[in-house]
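In what follows, a structure is listed as structure tokens, so that the remarks can point back to it.
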Amino acid sequence: MKKLFYVFVVLSFTMFSCGGSAEQTEEISDEAVNIEESDVAADDDVAKTCDEFLDDYEKWTDDYLEILEAYVKDPTNLEIGEEYTELSESMMTWYTDWSNYAACAQKEEFQKRFEAISDKIDKKMQELGLQD
């Protein structure tokens, strides 16, 4: 009878251990899925933030290039001169702000887009004879 009792205890312990392990594995799997889903959501948020920043930067670049061209054509226009000065002063802010978007700068697609927008400025300045 003692042997039967010990076998029963060992079997119960084994079954309990296996069952607990399965639940634990399931919980770990659920946590992994939740972490992956939150990573995807975080990546989506980062992408949205990066896109918004780059959209704003591109709009600013277009405005800057328009004013730059107008200023080169008529540097005596005070209104254009003021706008040009304001936009020129904010140029460094864009580069500084970009360095604060480390998650964006680390992703190749966003870094390439930022560089492409920056290249528009260089090309326009060359067209206008302001750079070599």
Side-chain angles (χ1 to χ4, degrees):
M1 186 77 166
K2 281 185 175 181
K3 287 183 184 182
L4 187 59
F5 177 73
Y6 288 125
V7 170
F8 177 74
V9 169
V10 170
L11 285 175
S12 296
F13 180 73
T14 305
M15 291 176 72
F16 179 75
S17 296
C18 292
S21 176
E23 288 175 17
Q24 217 173 20
T25 303
E26 187 176 310
E27 287 175 16
I28 291 171
S29 295
D30 289 346
E31 286 177 19
V33 168
N34 289 339
I35 289 171
E36 287 177 18
E37 287 174 358
S38 67
D39 286 347
V40 169
D43 285 346
D44 289 344
D45 290 343
V46 168
K48 183 178 179 185
T49 302
C50 296
D51 282 330
E52 287 173 356
F53 176 86
L54 291 170
D55 289 344
D56 291 344
Y57 178 50
E58 190 163 27
K59 183 184 180 320
W60 175 88
T61 299
D62 293 340
D63 292 344
Y64 175 76
L65 294 177
E66 183 180 313
I67 294 298
L68 176 64
E69 187 170 8
Y71 180 73
V72 168
K73 288 179 181 177
D74 185 10
T76 60
N77 185 323
L78 295 177
E79 187 177 315
I80 292 174
E82 287 176 20
E83 286 184 63
Y84 172 72
T85 302
E86 288 175 23
L87 289 170
S88 294
E89 289 173 357
S90 66
M91 181 182 289
M92 288 310 298
T93 305
W94 287 103
Y95 291 101
T96 304
D97 287 351
W98 181 245
S99 66
N100 294 332
Y101 283 82
C104 300
Q106 291 175 356
K107 294 192 183 272
E108 186 176 350
E109 65 181 290
F110 297 123
Q111 184 62 32
K112 283 184 177 182
R113 183 172 173 208
F114 181 82
E115 291 170 1
I117 296 168
S118 298
D119 288 345
K120 284 172 56 174
I121 295 172
D122 292 337
K123 288 177 186 175
K124 187 64 166 184
M125 290 181 89
Q126 286 175 352
E127 281 178 26
L128 297 171
L130 301 174
Q131 270 187 348
D132 295 327

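By convention here, the first residue in the shown sequence is residue 1. Please read these numbers as outputs of a predicted model, since none were measured by experiment.
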Can you see which heavy atom on Trp98 is nearest to which on Cys104, and at what distance?
-> CH2-CB, 3.5 Å

For Ile121 and Thr61, which heavy atoms make the closest approach, and how far apart are they?
-> CG1-CG2, 3.6 Å

State, yes or no, whether a side-chain contact exists between [X] and [Y] at a heavy-atom distance under 4.5 Å.
| X | Y | result |
| --- | --- | --- |
| Glu69 | Ile80 | no |
| Tyr71 | Asn77 | no |
| Trp60 | Ser90 | yes |
| Pro75 | Tyr84 | no |

Counting only heavy atoms not in [X] (residues, nucleotides, ligands), do more than 12 fall under 6.0 Å from its [atom1]?
| X | atom1 | result |
| --- | --- | --- |
| Glu115 | CD | yes |
| Glu52 | CD | yes |
| Lys120 | NZ | yes |

Once rounded to the nearest 0.5 Å, what's the spacing between atom [atom1] of [X] and atom [atom2] of [Y]?
| X | Y | atom1 | atom2 | result |
| --- | --- | --- | --- | --- |
| Tyr64 | Tyr57 | OH | OH | 10.0 Å |
| Leu130 | Asp122 | CG | CG | 11.5 Å |
| Leu68 | Met91 | CG | CE | 7.5 Å |
| Met92 | Asp97 | CE | CG | 10.5 Å |

For Asp63 and Lys59, run side chain to side chain contact (heavy atoms under 4.5 Å, CB included): C-alpha distance rounded to whole Å, both residues' side-chain angles, the deciding distance at 0.1 Å, then the answer.
-> CA-CA 6 Å; Asp63 292 344; Lys59 183 184 180 320; 3.3 Å; yes

